[in-house]
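Accompanying notes for the structure given below.
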Amino acid sequence: MSSIDYTIAIGGLMVFLYINLKLRKKGARNAESFFLGGRSLSWHLLGLSMVATTFAADTPLWVTEKVVQHGISGNWLWWNMLLGGMLTTFFFARYWRRAGIMTEPELISLRYSGPYVRPLRMFKALYLGLFLNAVIIGWVNAAMVKVLGEFFYLDKPAAFIAVMLLMAYTAIYSAISGLFGIVVTDALQFAIAMIGSVILAILVLQLPEVGGTDGLVQKLPEWRFHFFPMVESGTSDVLSITIGAFFSFIALQWWNSWYPGAEPGGGGYISQRMMGARNESDAVRASLLFQLAHYCLRPWPWIVVALAALVIYPGLTDAEAGNAYIRLIRDYMPEGIRGLMLLVFLSAYMSTISTQLNWGSSYLTNDFYHLIKMDTVRGDNSVLMGRIFTFLIMIAGGAVSSVIDTIDAAAQFLIQAGAGLGAVLILRWYWWRINAATEMVATIAPVVLLSISKIWIEPALGENFTTQNGTFYLVVFGTMITWILTAYLTSPTSEEVLTNFCKRVQPAGKWPEHIFQPDNSQLYKNLVRWLSAVVLAYSLLFLTGYALFGNWSSVLTCAGLAILAFIVLITFLRN
């Protein structure tokens, strides 16, 4: 690293702090400005902020690992989540903005009645805002430890200390201006991250060892370039999965598992951004921009670099795969570019951490502290408590970081710990029988069933059970049976609460006729919008890939599908 590299990286950090200092008065006037940006944020900023948050320091490393293991098809491990993301865009974004709430757990008080409402809201504030949030921060920190270790040849303890200092810096600027400053900073950080990623991909392709995309095709086996996984009984190099795993992967996971940034029905920082939009239309547009940028714009620069790493570092093992992305920058990039790429990782890291801290503190302030105090979130001390909880979550995330060994392990835990919950998060907007007891059971049951499976069932049934994704099936269907029984065996939400909820949100679905008669024609229109948007996004994703590798007949096919899907989408968005 040269003085130019350090100047670029440090200059970027100073700009991030300056933005938040500049916006401190606008972003921290009260609780609504601190946690929702005053509900005055444009869809452009919100959409970019969402995608910046999902572009964490671990993301390029994880994509590199998947490409090394399975080729391009390995990306279906996250590409499948587009289906759930677009579902949120068209079926839930308007509802989140229309509800007029501060946080996702506050929906519990709007939607349910009975003795479970207050404890459920407080439990979810702690479980999501503190515990799972600390796990997420922990795995992002673990990735950043790898990044700094490779960049500066640091041992793990030294890199860990550097990341803790970086997290503290992020917490400081996050606490200064709240969500308003975070969103503006996110937009700049995403621009830096994408520009740097594209420049890196171009320069890597130009290396004589690589020889452009033609060189990649010549020097790597053909299966590396398959865009789609194989479904078979065994496993091989290209992503190949068993029938059981395929069904759970394609038919269940995208709508039935809670995962940060891809929550069924929205939730977490995604719903926070939609609730902070200026109006319902901006909430929809922000979510749509996020999905298109997340799946169509981001992947290919990372994939290209991952393929090049296989050429430059022959014999690359799975364990070394993530680090290879950083090694390419360190070993082959000129001065200035190294500094830019360091700033890319700093931007990616800070955009994720700042959001997790602000989002988590909103839960602990709005849905835990104020409920204990029997107070309202509009109280004068909300911003102060938000700042205190910001640093509390930072400390918790740092503690978890020290015990997380692998990024994959944390991700798999989050998917399985939320399996089966997704159906309730979706149906609570559409079906009157969902009540507070149902959501509480659906939240707790996956963790209980996952523990039972890991401790007793997996050791007893062995590898075949694990290969067929048996634990996931057990957790999903066990949770669903449990919450369905709970919904029918417990008292429904009171008519007064249902009436107020339906009057405010105007949902579609099934509601008692004397309470609310929904306009279910919107379900058909949203279904068409969802399908056309999914086709549009996948067509653009694959069009870019086919163009990179010169498959022009497939480019024309994808272009035709994209144009058709776009026309349908625009037509139904106007209706």
Side-chain angles (χ1 to χ4, degrees), residues 92 95-96 99 101-135 255-260 263-268 271 359-360 362-372 374 413-453 472 474-498 500-501 505 507 509-511:
F92 302 102
Y95 293 165
W96 282 113
I101 53 180
M102 184 78 68
T103 61
E104 178 192 354
E106 189 178 341
L107 177 64
I108 293 166
S109 294
L110 176 65
R111 173 62 178 81
Y112 305 133
S113 64
Y116 295 108
V117 168
R118 192 164 176 266
L120 174 60
R121 189 171 161 186
M122 294 174 69
F123 169 75
K124 294 197 79 167
L126 289 174
Y127 179 62
L128 298 177
L130 184 60
F131 173 67
L132 286 187
N133 197 10
V135 174
W255 64 273
N256 221 337
S257 286
W258 185 95
Y259 189 79
E263 299 89 342
S271 63
W359 161 69
S362 74
Y363 282 25
L364 296 181
T365 303
N366 188 42
D367 307 296
F368 184 75
Y369 172 76
H370 283 294
L371 289 185
I372 288 179
M374 302 297 287
F413 168 77
L414 288 174
I415 290 174
Q416 293 184 336
L421 171 62
V424 170
L425 301 182
I426 290 172
L427 289 175
R428 64 185 177 180
W429 297 97
Y430 290 99
W431 188 33
W432 69 281
R433 282 293 326 189
I434 301 294
N435 58 20
T438 305
E439 186 165 333
M440 178 170 281
V441 166
T443 303
I444 297 172
V447 180
V448 175
L449 292 170
L450 177 62
S451 301
I452 292 172
S453 183
F472 182 78
L474 172 68
V475 175
V476 166
F477 290 112
T479 300
M480 291 182 71
I481 291 170
T482 304
W483 72 251
I484 289 171
L485 290 173
T486 303
Y488 280 106
L489 294 176
T490 55
S491 300
T493 300
S494 70
E495 291 190 358
E496 180 184 0
V497 171
L498 286 177
N500 290 335
F501 172 78
V505 176
K510 179 67 175 177
W511 307 91

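- L450 CG to L474 CG: the interatomic distance, rounded to the nearest 0.5 Å, is 9.0 Å.
- Contact of the L110 side chain with the I101 side chain is registered, since non-hydrogen atoms from C-beta on lie closer than 4.5 Å.
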- request: Begin from the C-alpha positions of N133 and L128 and carry the test side chain to side chain contact (heavy atoms under 4.5 Å, CB included) through to its verdict.
  value: CA-CA 6 Å; N133 197 10; L128 298 177; over 6 Å; no
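- You'll find the side chain of S362 stays beyond 4.5 Å of the side chain of M102, heavy atoms only.
- Of all the heavy atoms in P507 and W429, the pair that sits closest is CB-O, 3.3 Å.
- For Y116, the side-chain contact (heavy atoms from CB on, under 4.5 Å) partners two or more places apart in sequence, or in a different chain, are A436, A437, M440.
- Rounding to the nearest 0.5 angstrom, the gap separating the OG atom in S109 from the CG atom in L371 is 6.5 Å.
- At least one side-chain heavy atom of N256 sits under 4.5 Å from a side-chain heavy atom of M480.
- Here the CG-CD distance, from D367 to E104, works out to 9.5 Å after rounding to the nearest 0.5 Å.
- A ring-ring contact (aromatic ring centres under 6.0 Å, His included) with Y430 holds for exactly one of F92, W511, F501; it is F92.
- For the atom pair CG of L120 and OG1 of T443, the computed distance is 6.0 Å after rounding to the nearest 0.5 Å.
- Annotation for G478 and L449: closest pair C-CD1, 3.6 Å, computed over non-hydrogen atoms.
- Here F368 pairs with M122, A125, L126, I372 under the side-chain contact (heavy atoms from CB on, under 4.5 Å) rule; sequence neighbours left out.
- In terms of heavy atoms, G268 sits closest to E263 at CA-OE2, 3.8 Å.
- Ring geometry for F131 against Y127 counts as parallel: the plane angle stays under 30°, on a 0 to 90° scale with 60° as the upper cut.
- None of I434, V424, V441, I481 except one satisfies the side chain to side chain contact (heavy atoms under 4.5 Å, CB included) rule with T486; the exception is V441.
- By the 4.5 Å heavy-atom criterion applied to side chains, I444 and F123 are counted as neighbours.
- The shortest heavy-atom contact between A419 and P446 is O-CG, 3.2 Å.
- Two rings, from W431 and Y488, have their centers less than 6.0 Å apart.
- Partners of E439 under the salt bridge (Lys or Arg N to Asp or Glu O under 4.0 Å) rule, at least two apart in sequence or in another chain, are K124, R428.
- Counting heavy atoms from C-beta outward, L427 and W432 have side chains that stay 4.5 Å or more apart.
- In this structure, the side chain of S113 does not engage the main chain of V497 through any donor-acceptor pair within 3.5 Å.
- If you check the side chains of N435 and T490, you find a donor sitting under 3.5 Å from an acceptor.
- Rounding to the nearest 0.5 Å gives a distance of 9.0 Å between OG of S271 and CH2 of W359.
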